[in-house]
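Read the structure below first, then the notes.
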Protein chains: 2
Amino acid sequence: MSDPSPPRKRRTAGRITLNDVARQVGVSALTVSRFFNHPERVSEELRHRIGEAVSALGYVPNLVAGSLASARSRIVGMVIPNISGPIFASTIQGFSDTLARHGHQLLLASSYFSPEQEESAVRAFLGWSPAALVVTSHFHSEGTEKLLAETDIPVVEIWDYQPERAPIQVGFLHYDAGVMAARHLLERGYRRIAFVQNSAAGDFSALDRRDGCAATLRDAGLELWSFAPSAGSAPFEAGREAMERLMQETHRPDAILFANDNLAAGGLLAAQRMGLRIPGDCAVMGFGDYAFAEMLLPSLSTIRPPSLGIGETAALRVLESLGVIATEAPVQRLNRLECQLVEREST
Amino acid sequence: MSDPSPPRKRRTAGRITLNDVARQVGVSALTVSRFFNHPERVSEELRHRIGEAVSALGYVPNLVAGSLASARSRIVGMVIPNISGPIFASTIQGFSDTLARHGHQLLLASSYFSPEQEESAVRAFLGWSPAALVVTSHFHSEGTEKLLAETDIPVVEIWDYQPERAPIQVGFLHYDAGVMAARHLLERGYRRIAFVQNSAAGDFSALDRRDGCAATLRDAGLELWSFAPSAGSAPFEAGREAMERLMQETHRPDAILFANDNLAAGGLLAAQRMGLRIPGDCAVMGFGDYAFAEMLLPSLSTIRPPSLGIGETAALRVLESLGVIATEAPVQRLNRLECQLVEREST
DNA sequence: ACCTCCAATGTCAGCGCTAACATCGCTAGT
DNA sequence: ACTAGCGATGTTAGCGCTGACATTGGAGGT
């Protein structure tokens, strides 16, 4: 046991490290580290020389090692129901871009509204010591709630807006969207207003919109006519069916508010095929402002949710919580964004 | 200098570590590590006891430390032009979902077609020692090329398909899409065919499609009529302008192939307003099969690129390269997927 | 001349985990 | 009985970086 065991062979190949750069410049590794993380604490001259050595050597900082040492990372995890749908894509885009502008990375997973998938994504993300975590809506599995409660990193819930909950929230009230739609239809002089939702989808937020609409009509002394097409059909077909059925009624509605733009598009098409004039015979309104809304004939009046804004605002709140960008006041916990009424030809 | 300096205080709070679990069970840390990474090398009994301790303590493995130690991670980086557009969203979705099914995470950034932004994303990603990297198309900055060439992790290029390049590629030939469109129009009996592209966008792939179309017409003894609306206008407006201008020609075309569905939708709308019958007076075809294509009136014939398939296939190739899933043969380097002709009413 | 103070830089000890190697106990072959 | 061989587990030494603290040297005050 006298002589020390011979040095083991290195495991990693010739990766260029901080030390290589430091040696080249003739400073300590820590100074090079500062060059990346606190450049203002390095003298101008060294800053210059280190910068040159870095690009000469093609050094790429090992963020994994840095995160381990500092117990911090510039990764932010986001779990969202789906990526490719018309709804969330721009939220992701806004979030990702805003993060990137401030040197943070996005770790993304989709849950398809499954609390289990959400939990497994959150668990995996937590292993990366992310700087923050963003989840969609306030409905989580018990396990997720526990994980989120125990962590001390900032957590942001998006899309939903539930004032009584603890974490930072960025979203809007679907109820308000319903009110907005109802007011618009009333202003235009419509009185016999129907609400069409696809009963198949467990879309609870649509119910909030319907309630907002119904309440507004009630204040005006009117009653909302609720209609759900037969379960199980695709939104487009369901919208068509709804339009056909409603138009056969003796006291048919003079305006239909569809739960989303897909339904509305189906309705619009059915109306065309039936030879109805829109909005003359019946006004049509949707929700979502999907890309095609302005391309329909007639173009579709709808409510545009603040998708992009939610992504951007969520990123800002995250960055503020992390102290990456300044806030005068403490980080705003509740962030209620507004939907936007998009008036087009169909109303 | 006689006595050793007193132990420094710990920097991290009471995070639960592998050692905590190991102590609780009465084994070494390494055995717990094996429990997570090579469960088959741990005896059944220990597997059981460790599993219980893990959930009792609520232990979440620190992937950062693990990656540093093993110089490997289960993160895959993807750089894509944009997230929210109609084109790439489902590629991301397919990629992310396939990765997730095999326990890998997606690190995502968008480049907006800017080689500089792409390079900075690639650089940041490389700092995370990702398991693999996916970039869009073969056009990169010099710096990116260098970074990709020097790394030894698998690199996959998607969307474009350039047989002579080195990395794994998953994509399709835009030229073929043009051929496919031309054949369809010829079969339908159209002879005076125009191609409309938005000159504003530096959309080189559209040129490939045009070339494929032109070649096919030439084989049939016909010539493609190329038209570019005035620069700088939005696709929708540009499509409208193209339709109006082309229809004023004395020998007007009997079919128009638009460079994408947005242009085509504008064209369709203009035709409606001009009182033209589609496809009677003029057939209209697009490219992309955006969500609205089937909701237009008439519904739009178009070419559907294999967006989802590209994402899924890219993920499979990545996982194969990593040895996560089996391949009999060596990983296929060139993966040419097919577009799909979507015949609807407009032709 | 002396001291204080601050900015610039360095030393040292880990962060939590895993690769490589060592060891232990047992089965099986001779 | 003896040992080769194997599966299960332990020991050691980092992975590349950064936090806390130490040190240095010069500006500025008295």
Side-chain angles (χ1 to χ4, degrees), chain A residues 1 3-23 25-50 54 57 59-74 126-129, chain B residues 1 3-23 25-50 54 57 59-74 126-129:
Chain A
M1 296 303 259
D3 56 22
S5 54
R8 308 278 175 83
K9 65 182 157 199
R10 305 214 128 198
R11 280 179 245 154
T12 50
R15 173 165 197 157
I16 294 160
T17 73
L18 254 199
N19 272 308
D20 297 329
V21 179
R23 205 171 312 122
V25 181
V27 294
S28 76
L30 187 43
T31 305
V32 181
S33 165
R34 285 199 187 99
F35 169 81
F36 285 103
N37 301 312
H38 309 279
E40 75 284 358
R41 291 192 211 158
V42 177
S43 66
E44 175 115 22
E45 191 225 334
L46 277 183
R47 213 146 55 199
H48 191 75
R49 282 169 50 204
I50 294 175
V54 164
L57 292 172
Y59 169 67
V60 177
N62 185 330
L63 302 178
V64 178
S67 301
L68 178 59
S70 65
R72 274 185 281 102
S73 79
R74 286 164 180 259
L126 282 175
W128 286 101
S129 318
Chain B
M1 296 308 257
D3 56 21
S5 54
R8 306 280 175 84
K9 65 183 156 199
R10 306 212 127 199
R11 283 180 241 152
T12 51
R15 171 164 197 159
I16 295 160
T17 73
L18 255 198
N19 271 307
D20 297 328
V21 179
R23 205 172 311 123
V25 181
V27 294
S28 76
L30 187 43
T31 305
V32 182
S33 165
R34 287 202 186 96
F35 170 82
F36 285 103
N37 301 313
H38 310 280
E40 75 284 359
R41 292 192 210 159
V42 176
S43 66
E44 174 114 22
E45 191 225 335
L46 276 183
R47 215 148 51 197
H48 191 76
R49 282 168 51 204
I50 293 174
V54 164
L57 292 173
Y59 169 67
V60 177
N62 185 332
L63 302 177
V64 178
S67 301
L68 178 59
S70 65
R72 275 186 281 102
S73 79
R74 287 166 177 257
L126 282 175
W128 286 102
S129 319

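Lettering of chains follows the sequences in order, A, B, ..., and the numbering in each one begins at 1.
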Side chain to side chain donor-acceptor pair (under 3.5 Å) filter on B/S129, not counting sequence neighbours, yields none

Overall bend of the helix from C/dA1-D/dT30 to C/dT30-D/dA1 (five pairs an end, 10° steps) is 40°

For B/S43, what residues pass the side chain to side chain donor-acceptor pair (under 3.5 Å) criterion, not counting sequence neighbours? none

Taking only the side-chain heavy atoms of B/A65 (C-beta and beyond), determine which of C/dG16, C/dA19, D/dC17 contains the nearest atom. C/dG16

If the cut-off is 4.0 Å, is A/Y59 near the phosphate of D/dG16, judged by side-chain N/O to OP1 or OP2? no

For A/L68 and C/dC15, what is the distance between atoms CG and P respectively, to the nearest whole Å? 9 Å

Please step through side-chain contact (heavy atoms from CB on, under 4.5 Å) for the pair B/V27 and B/L46, ending with a clear verdict. CA-CA 9 Å; B/V27 294; B/L46 276 183; 3.6 Å; yes

Separation of atom CG in B/D20 from atom P in C/dC15, rounded to whole Å: 12 Å

Kindly state which residues belonging to residues 40-48 of chain B come within less than 4.0 angstrom of DNA chain C, counting heavy atoms of the residue only, listed by number. none

Rounded to the nearest angstrom, tell me the gap between atom CZ in A/R15 and atom P in D/dG16. 7 Å

Under the salt bridge (Lys or Arg N to Asp or Glu O under 4.0 Å) definition, can you give me all pairs with a residue in residues 33-42 of chain A, not counting sequence neighbours? none

For B/S67 and A/W128, run side-chain contact (heavy atoms from CB on, under 4.5 Å): C-alpha distance rounded to whole Å, both residues' side-chain angles, the deciding distance at 0.1 Å, then the answer. CA-CA 10 Å; B/S67 301; A/W128 286 101; 3.2 Å; yes

Can you list everything that forms a side chain to side chain contact (heavy atoms under 4.5 Å, CB included) with B/V60? Sequence neighbours excluded, please. A/L126, A/L147

For B/S73, which residues count as a side chain to side chain donor-acceptor pair (under 3.5 Å) partner, sequence neighbours excluded? none

Quickly work out the A/L18 CG to C/dG10 P distance and round it to whole Å. 13 Å

For residues B/Y59 and B/F36, establish whether the separation of their ring centroids is below 6.0 Å. yes

Does B/R72 make a side-chain N or O approach to OP1 or OP2 of C/dA19 shorter than 4.0 Å? yes

Residues which pass side chain to side chain donor-acceptor pair (under 3.5 Å) with B/R49, listed by chain and number, not counting sequence neighbours: B/E45

Using side chain to side chain contact (heavy atoms under 4.5 Å, CB included) as the criterion, list what pairs up with B/N19, not counting sequence neighbours. B/T17, B/R23, B/A29

Counterpart residues, salt bridge (charged side-chain N to carboxylate O under 4.0 Å, His left out), relative to B/R72 (two or more places apart): none

Members of residues 25-38 of chain A that approach DNA chain C, where some heavy atom sits under 4.0 Å away: A/V27, A/S28, A/L30, A/T31, A/R34

Rounded to whole Å, how long is the line connecting atom CH2 of A/W128 with atom C1' of C/dC15? 15 Å

Roughly how many Å is it from CG in B/N19 to P in D/dT12, rounded to a whole number? 14 Å

